[in-house]
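Written below as structure tokens is the structure these notes are about.
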Amino acid sequence: AAKAAGKSAYQTCTPALRESAVSRAELIADLRRAVEEGQLHLEYQPIVDLATGVVRSAEALVRWRHPRLGVLAPAKFLPVAEETGLILPVDRWVIHEACRAAAAWRERAPQVTVAVNIAAAHLRRPDLIATVQAATAGAGLPPCALTLELTESALIEGSDAVLDQLRQLRELGIRIAIDDFGTGYSSLSYLHRIPATELKVDRSFVARLGAEDPRAYATVDMVNRLAAAFDLAVVAEGVETDAQHAAITAIGCVHGQGFRYGRPAPLPELLATLTPVDVTR
Ligand code: C2E
Ligand code: MG
Ligand code: MG
Ligand code: MG
């Protein structure tokens, strides 16, 4: 019975995939076409200054409007994309699209930067720099307005060539964030080597702040102090409640991201949050 329950629970998690019985091979073939046929799009989630609520940046998050399955979240297709190498054209498209969007919104809100997620496989490719340069220059976006988000695990496997590439990106002015910080099997020693500009505190730690878990509080506090000592900016991820907002603010985090401030949304919705509402009308 437990096995049956587990199975049906799994199935209700992925009704679209089950009903249309899309095989892995079909998904791969579909994904191959998705970039060319313009089926990918980006949503943008604001990263706010906790003291003022002002939007400082926006993270681009990819979605796939599949012709039969509807809109798929990254968890539904990025694992397959990573296994097949299709992540490279996907991430390339994301970098170009996000740079174009950011260059446009900065005409209204010049201080608002953009962040994109970069897969580990991409980091190992020597052409990442060329891609980033082409995207920023092509869009007319200053390199300092683009942050690449990398996970700890991507950085840990980093060879000297990867570190070298990261240093070159930094020299161009590109910002580098360590995403989901605290969840990898990292030793702290790599922080000395990675030329990062910011840490994103993983939302699993932030989630426990609401429950007034003293250890969760200590963890976020420690990451915040560590970041200060390394001269890195901090973003607390996954802030959903007022209690979590109060806790990260008390700890002294400068930036926050999460449903409390704004969900990932299409570009027009982000733009609306960048233009202050005229309350005099
Ligand atoms: P991430 O980079 O850590 O992005 C944050 C994820 O947390 C997003 O999920 C976002 O929707 C979700 N989130 C934000 N605030 C909250 C909150 O308050 N509560 C909860 N429960 N969740 C929140 P999403 O969009 O499903 O993306 C999942 C992951 O997929 C991302 O995690 C990132 O690692 C990866 N990803 C997304 N877009 C891309 C991309 O273009 N390229 C690559 N390589 N990876 C991507
Ligand atoms: Mg991210
Ligand atoms: Mg993250
Ligand atoms: Mg995370």
Side-chain angles (χ1 to χ4, degrees), residues 13-14 31 34-35 39-48 50 55 57-65 71-99 101-102 113-125 128 131-132 135 146-155 175-184 196-210 220 223 233-245 247-248 255-266 269-270:
C13 286
T14 57
L31 187 54
V35 179
Q39 295 170 6
L40 300 181
H41 68 279
L42 295 178
E43 289 193 334
Y44 297 91
Q45 185 177 32
I47 296 171
V48 304
L50 293 172
V55 179
S57 184
E59 179 173 3
L61 296 159
V62 71
R63 278 90 181 87
W64 177 13
R65 195 169 287 114
V71 176
L72 301 181
K76 288 271 175 2
F77 63 95
L78 287 187
V80 163
E82 287 183 16
E83 287 161 33
T84 54
L86 287 169
I87 191 69
L88 296 172
V90 169
D91 276 357
R92 237 176 259 134
W93 178 83
V94 170
I95 294 168
H96 279 274
E97 178 67 18
C99 287
T113 63
V114 70
V116 298
N117 296 282
I118 300 293
H122 218 146
L123 204 53
R124 291 190 295 266
R125 301 264 309 193
L128 177 60
T131 300
V132 165
L146 173 65
T147 302
L148 303 183
E149 297 196 359
L150 311 162
T151 61
E152 279 175 89
S153 45
L155 293 166
R175 296 174 53 83
I176 294 174
I178 304 178
D179 205 351
D180 304 341
F181 186 76
T183 58
T197 52
E198 89 192 39
L199 298 184
K200 300 191 76 176
V201 184
D202 190 64
R203 80 176 144 90
S204 59
F205 303 112
V206 174
R208 294 204 293 270
L209 288 175
V220 177
V223 173
V234 168
V235 179
E237 288 190 305
V239 182
E240 294 183 352
T241 67
D242 290 347
Q244 290 161 359
H245 170 76
I248 58 166
H255 298 114
Q257 179 179 4
F259 297 166
R260 185 180 184 280
Y261 315 113
R263 290 183 176 257
E269 276 179 53
L270 175 77

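Heads up: numbering here begins at 1 and tracks the sequence. We count ligands from 1, going down the list as the structure has it; atoms in each ligand are counted the same way.
- Between H122 and L88, the closest side-chain pair of non-hydrogen atoms falls below 4.5 Å.
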field: side chain to side chain contact (heavy atoms under 4.5 Å, CB included) assessment of I118 paired with I95
entry: CA-CA 9 Å; I118 300 293; I95 294 168; 3.7 Å; yes
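- Only the side chain of D91 comes within 4.0 Å of ligand 1, counting heavy atoms alone; its backbone N, CA, C and O stay farther away.
- To the nearest 0.5 Å, atom CG of residue D91 and atom OG1 of residue T131 are 10.0 Å apart.
- Proximity of K200 to ligand 1, defined as any heavy-atom pair under 4.0 Å, is not found for any part of the residue.
- Interface of E237 with ligand 1, defined as ligand atoms under 4.0 Å from a residue heavy atom, comprises 3 (O).
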message: side chain to side chain contact (heavy atoms under 4.5 Å, CB included) for Q257 and K200? Distances and angles first, verdict last.
response: CA-CA 9 Å; Q257 179 179 4; K200 300 191 76 176; 2.8 Å; yes
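- Here the CG atom belonging to L199 is positioned 11.5 Å from the CG atom belonging to D180, to the nearest 0.5 angstrom.
- Only the side chain of L78 comes within contact range of ligand 1, with a heavy atom under 4.0 Å; no backbone atom does.
- Of all the heavy atoms of D180, the ones lying under 4.0 Å from any atom of ligand 1 belong exclusively to the side chain.
- Of the N or O atoms in I87, none lie within a sub-3.5 Å distance of an N or O in ligand 1.
- Residues L155 and L123 form a side-chain contact, since some pair of their non-hydrogen atoms from C-beta on lies under 4.5 Å apart.
- Put simply, CG on L78 and CG on L72 are 10.5 Å apart, with the number rounded to the nearest 0.5 Å.
- Contact analysis puts E59 in contact with ligand 1, with a non-hydrogen atom separation below 4.0 angstrom.
- Atoms of ligand 1 lying under 4.0 Å from any heavy atom of P264, numbered from 1 in the order shown and given with element: 11 (O).
- Looking at heavy atoms from C-beta onward, D179 lies out of side-chain contact with L150 at the 4.5 angstrom threshold.
- Heavy atoms of Q257 come nearer than 4.0 angstrom to ligand 1 in no pair at all.
- Protein N/O/S atoms closer than 2.8 Å to the Mg ion (ligand 2), listed by chain and residue number, are E59 OE2, N117 OD1, E149 OE1, D179 OD2.
- Only the side chain of R63 comes within 4.0 Å of ligand 1, counting heavy atoms alone; its backbone N, CA, C and O stay farther away.
- Residue E82 places every heavy atom at 4.0 Å or more from ligand 1.
- Counting heavy atoms from C-beta outward, R260 and Q244 have side chains that stay 4.5 Å or more apart.
- At a 4.0 Å heavy-atom cut-off, ligand 1 touches V94 through the side chain alone.
- To the nearest 0.5 Å, atom OH of residue Y44 and atom CD of residue E269 are 13.0 Å apart.
- Here D179 has side-chain heavy atoms under 4.0 Å from ligand 1, and that is the only part of it that gets that close.
- Proximity of V234 to F181: side-chain heavy atoms (C-beta onward) are nowhere separated by under 4.5 Å.
- Here Q45 has side-chain heavy atoms under 4.0 Å from ligand 1, and that is the only part of it that gets that close.
- In this structure the side chain of R63 reaches within 4.5 angstrom of the side chain of P74, judged on heavy atoms.
- Inter-residue side-chain proximity for H245 and Y261 is flagged as met; some heavy-atom pair is nearer than 4.5 Å.
- Not a single heavy atom of A75 lies less than 4.0 angstrom from ligand 1.
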field: Residues L42, V94; criterion side chain to side chain contact (heavy atoms under 4.5 Å, CB included); working and verdict
entry: CA-CA 7 Å; L42 295 178; V94 170; 3.9 Å; yes
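- Short contacts between ligand 1 and G258, defined as distances under 4.0 Å to a heavy atom of the residue, involve ligand atoms 15 (N), 18 (O).
- Listed by atom number, the atoms of ligand 1 under 4.0 Å from E240 heavy atoms are 17 (C), 18 (O), 19 (N), 20 (C), 21 (N).
- For the pair D202 and E152, the minimum side-chain heavy-atom distance is 4.5 Å or more.
- Of the heavy atoms in R263, none comes closer than 4.0 Å to ligand 1.
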